[in-house]
Amino acid sequence: PDPVADPNGDRRAGCEREALGQKKAVVLAERCRAVGSGPVVDASTEGVTPGNVADLTAGVDLVVDGTDYAIPEVGLLLADASREANVPVLLAVEIGF
């Protein structure tokens, strides 16, 4: 749910100056769409919560987990819901971008 901010520029994909202030999920979804016309990309800007995780994993082919690995309970929540929905999860952890 966080916006792109100056401190993110050294460690996050998509954190160019023109993206400052925009939601990170929206910026990265736009970059994925720009790769080609194949995937349909939806992005959640409200974050992953117990109240919305089932909706986030319903009816999708793949979940890309870009949650903060420093807060593992969020990623675990997403992984559990994805498993229940029988949807594979791609971990998109950035280390040393």
Side-chain angles (χ1 to χ4, degrees):
D2 298 338
V4 174
D6 261 343
N8 301 133
D10 64 340
R11 60 186 175 91
R12 299 274 188 243
C15 292
E16 292 88 19
R17 290 218 175 274
E18 59 272 6
L20 289 174
Q22 296 180 45
K23 298 280 187 172
K24 292 175 187 175
V26 172
V27 171
L28 290 176
E30 288 172 0
R31 289 187 95 187
C32 290
R33 289 184 198 110
V35 169
S37 60
V40 174
V41 181
D42 294 320
S44 170
T45 58
E46 58 198 48
V48 178
T49 69
N52 72 3
V53 71
D55 289 338
L56 294 175
T57 58
V60 300
D61 297 316
L62 176 69
V63 170
V64 179
D65 179 357
T67 60
D68 190 337
Y69 61 89
I71 310 170
E73 53 274 0
V74 177
L76 291 172
L77 179 67
L78 188 57
D80 288 343
S82 297
R83 183 175 48 247
E84 284 201 26
N86 199 31
V87 177
V89 177
L90 173 67
L91 295 176
V93 178
E94 291 188 36
I95 299 174
F97 174 75

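Values in this document were obtained by computation on a predicted structure and should not be read as measured data.
- Listed by first and then second residue, the salt bridge (charged side-chain N to carboxylate O under 4.0 Å, His left out) pairs that reach into residues 69-88 are Asp80-Arg83, sequence neighbours excluded.
- For the pair Thr57 and Ala85, the tightest heavy-atom approach, listed with the atom from each and the gap, is O-CB, 3.6 Å.
- Considering all non-hydrogen atoms of both residues, Gly75 and Asp65 come closest at CA-OD2, 3.7 Å.
- In the hydrophobic clustering of this structure, Val87 groups with Leu56; members are Ile, Leu, Val, Met, Phe, Trp, Tyr whose side-chain heavy atoms approach within less than 4.5 Å, directly or through other members.
- Hydrophobic cluster membership is shared by Leu91 and Val63, with clusters built from Ile, Leu, Val, Met, Phe, Trp and Tyr side chains linked at under 4.5 angstrom.
- Between the OG1 atom in Thr49 and the CG atom in Asp55 there is a gap of 9.0 Å [rounded to 0.5 Å].
- The hydrophobic cluster containing Ile71 also contains Val53, counting ILVMFWY residues as joined when their side-chain heavy atoms lie under 4.5 angstrom apart, directly or transitively.
- Atom CD of residue Gln22 and atom CG of residue Asp2 lie 14.0 Å apart, to the nearest 0.5 angstrom.
- By the criterion of side-chain heavy atoms lying less than 4.5 angstrom apart, applied directly or through intervening Ile, Leu, Val, Met, Phe, Trp or Tyr residues, Val74 is grouped together with Leu78 in one hydrophobic cluster.
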Show every donor-acceptor pair shorter than 3.5 Å between a side-chain atom in residues 41-48 and any protein atom, with sequence neighbours excluded, or say none if there are none.
unit_1 : atom_1 : unit_2 : atom_2 : d
Glu46  : OE2    : Asn52  : ND2    : 2.8

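- Val60 and Val26 fall into different hydrophobic clusters, defined by Ile, Leu, Val, Met, Phe, Trp and Tyr side-chain heavy atoms under 4.5 Å apart, directly or through other members.
- Residues Val4 and Ala19 come closest through the heavy atom pair CB-O, 3.4 Å.
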